[in-house]
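Here is the structure we will look at, set down as structure tokens.
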Amino acid sequence: MAADPLDHAKQAVRTQVWDALAAADAVHDPSVHGRIPHFKGAEQAAARLAGLPAWQRASVVKAVPDKAQLPVRARALEEGKTVYMAVPKLATPKPFYLLDPAALTVPPTEAAASRTAAAIAPTVEVDALRPLDLIVLGSVAVNRDGARIGKGAGYSDIEFALLTEAGLVTRETLVVTTVHALQVTDTPIPTTEHDVGVDLIVTPDQTITCSNPHRPSGVDWSALTAEKIARIPALVARQGA
């Protein structure tokens, strides 16, 4: 089967950014290709995000489990915010870890690590989440219009769609990504109906308000294969509802 031209274009952007990060020695990973970049300066980006009024108002945060966003998750817990983090590949009927700062048995920085969270945090169903004030996404590349791409698996988009359908994402929910400056690209990023855009890009040195972020209204079933649906219990449950 021929490669989808849109997928090919997205992969070209990813490769361009991964190559730039590697050339600049801007990441901690031995090989950045194929990953959400664990960029140098992630702590400074988290601190910049934490200085924003929207962050300070937020009490419930949904964050990706990637290493680059570990400082964001730790900061949220240290500040008493409830943090939800997806189970890898949304592979369980209760697909989110609940990190309640009042119930932690280890320090926030430890609890925020994905492996520790998996060991200590209870899991909850989609409908058990509290409404989200702020969503933190990881990205490979993002542009100033708010278009972003991850590493290509599509789980962040599915999470967002499920949470939107459950009424947990509203117009007031702020969607943010923390990235290295080299991940902010001027190259056009092709998008589809199910791709989630961001309202804010936060780098170690800059906060960028995006001009035209796209938000899907729910699950785009036409973009999912039967095999992918079968691997995600929350999708199976929605489809059967």
Side-chain angles (χ1 to χ4, degrees), residues 17-18 20-22 24-29 32 35-86 97-104 106-117 120-121 130 132-144 146 148-151 156 159-160 169 172-185 196-211 213:
V17 169
W18 283 328
L21 290 167
D25 190 27
V27 288
H28 296 288
D29 303 309
V32 70
R35 305 171 185 264
I36 297 294
H38 183 199
F39 64 94
K40 295 179 180 179
E43 293 81 4
Q44 290 90 332
R48 174 172 285 275
L49 173 58
L52 301 178
W55 169 273
Q56 292 162 8
R57 289 193 300 268
S59 60
V60 183
V61 175
K62 208 290 291 182
V64 291
D66 300 287
K67 287 182 180 178
Q69 283 69 44
L70 172 60
V72 175
R73 299 191 300 272
R75 190 128 192 172
L77 292 172
E78 286 167 354
E79 295 181 14
K81 304 180 192 299
T82 297
V83 175
Y84 295 108
M85 188 167 64
Y97 296 113
L98 164 59
L99 290 165
D100 178 352
L104 296 181
V106 299
T109 304
E110 289 182 38
S114 56
R115 286 187 180 180
T116 306
I120 69 165
R130 293 167 56 195
L132 304 171
D133 299 313
L134 193 139
I135 294 174
V136 182
L137 299 178
S139 303
V140 172
V142 63
N143 68 23
R144 291 170 187 269
R148 66 165 282 282
I149 43 178
K151 59 189 179 183
S156 285
E159 286 172 40
F160 191 95
V169 178
E172 286 70 45
T173 305
L174 192 71
V175 184
V176 180
T177 191
T178 54
V179 294
H180 191 279
L182 289 173
Q183 293 173 255
V184 183
T185 180
V196 178
V198 299
D199 301 303
L200 285 181
I201 304 165
V202 182
T203 76
D205 301 307
Q206 192 177 18
T207 302
I208 301 166
T209 300
C210 299
S211 58

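Throughout, residue positions are numbered sequentially from 1 according to the sequence presented. All values below were derived from every heavy atom in this structure, side-chain atoms included, with hydrogens, water molecules and symmetry-related copies excluded.
Thr209 is listed as a side-chain neighbour of Leu200, based on a closest heavy-atom distance under 4.5 Å. Inter-residue side-chain proximity for Leu98 and Tyr84 is flagged as met; some heavy-atom pair is nearer than 4.5 Å. Leu77 is listed as a side-chain neighbour of Pro101, based on a closest heavy-atom distance under 4.5 Å. You'll find the side chain of Val176 reaches within 4.5 Å of the side chain of Leu49, heavy atoms only. The shortest distance between side-chain heavy atoms of Ser156 and Val64 falls below 4.5 Å. For the pair Phe160/Val175, a side-chain contact is recorded, criterion being any heavy-atom separation below 4.5 Å from C-beta on. In this structure, Ile36 and Val140 have side chains that are in contact, with non-hydrogen atoms separated by less than 4.5 Å. The shortest side-chain heavy-atom distance between Lys40 and His28 falls under the 4.5 Å cut-off.
Considering OG1 of Thr173 and NZ of Lys62, their distance stands at 12.0 Å, rounded to 0.5 Å. Rounded to the nearest 0.5 Å, atoms CG (Asp100) and NZ (Lys81) are 14.0 Å apart. The line from NE2 of His38 to CD of Gln69 is 9.0 Å long, rounded to the nearest 0.5 Å. In this structure, Thr109 OG1 and Leu70 CG are separated by 7.5 Å, a value rounded to the nearest 0.5 Å. The CD1 atom of Ile120 sits 11.0 Å away from atom OH of Tyr97, with the distance rounded to the nearest 0.5 Å. In this structure, Ile201 CD1 and Arg144 CZ are separated by 7.0 Å, a value rounded to the nearest 0.5 Å.
In terms of heavy-atom proximity, Ala74 sits nearest to Pro108 at O-CB, 4.0 Å. Contact detail for Pro204 and Gly41: the closest heavy-atom pair is CG-O, 3.3 Å. Scanning both residues, Ala117 and Ala111, for their nearest heavy atoms gives CB-O, 3.5 Å. Taking both residues in full, the closest heavy atoms of Val202 and Ala45 are given as CG1-O, 3.4 Å, listed atom of the first, atom of the second, then distance. Heavy atoms only, all atoms of each residue included: Pro37 and Ala68 are closest at O-CB, 3.2 Å. Residue Glu159 comes nearest to Ala86 through the heavy atom pair OE2-CB, 3.2 Å, listed as atom of the first residue, atom of the second, then distance.
Using cut-offs of 30° and 60° for the angle between ring planes, the Phe39 and His180 rings count as perpendicular.
Under a 3.5 Å cut-off, the side chain of Thr177 and the backbone N or O of Leu137 do form a donor-acceptor pair. In terms of modelled atom types and a separation under 3.5 Å, the side chain of Glu172 and the main chain of Asp133 share no donor-acceptor contact. Gln183 places a side-chain N or O within 3.5 Å of a backbone atom of Ser139 that can act as its donor or acceptor partner. Looking at Thr116, its side chain does come within 3.5 Å of a backbone N or O of Glu110 through a donor-acceptor pair. A distance-only check finds no donor-acceptor pair linking the side chain of Gln44 to the backbone of Asp205 [under 3.5 Å].
For Trp18, the ring-ring contact (aromatic ring centres under 6.0 Å, His included) test picks out His33, with sequence neighbours left out.
The list of salt bridge (charged side-chain N to carboxylate O under 4.0 Å, His left out) pairs with a residue in residues 65-74, not counting sequence neighbours, is empty.
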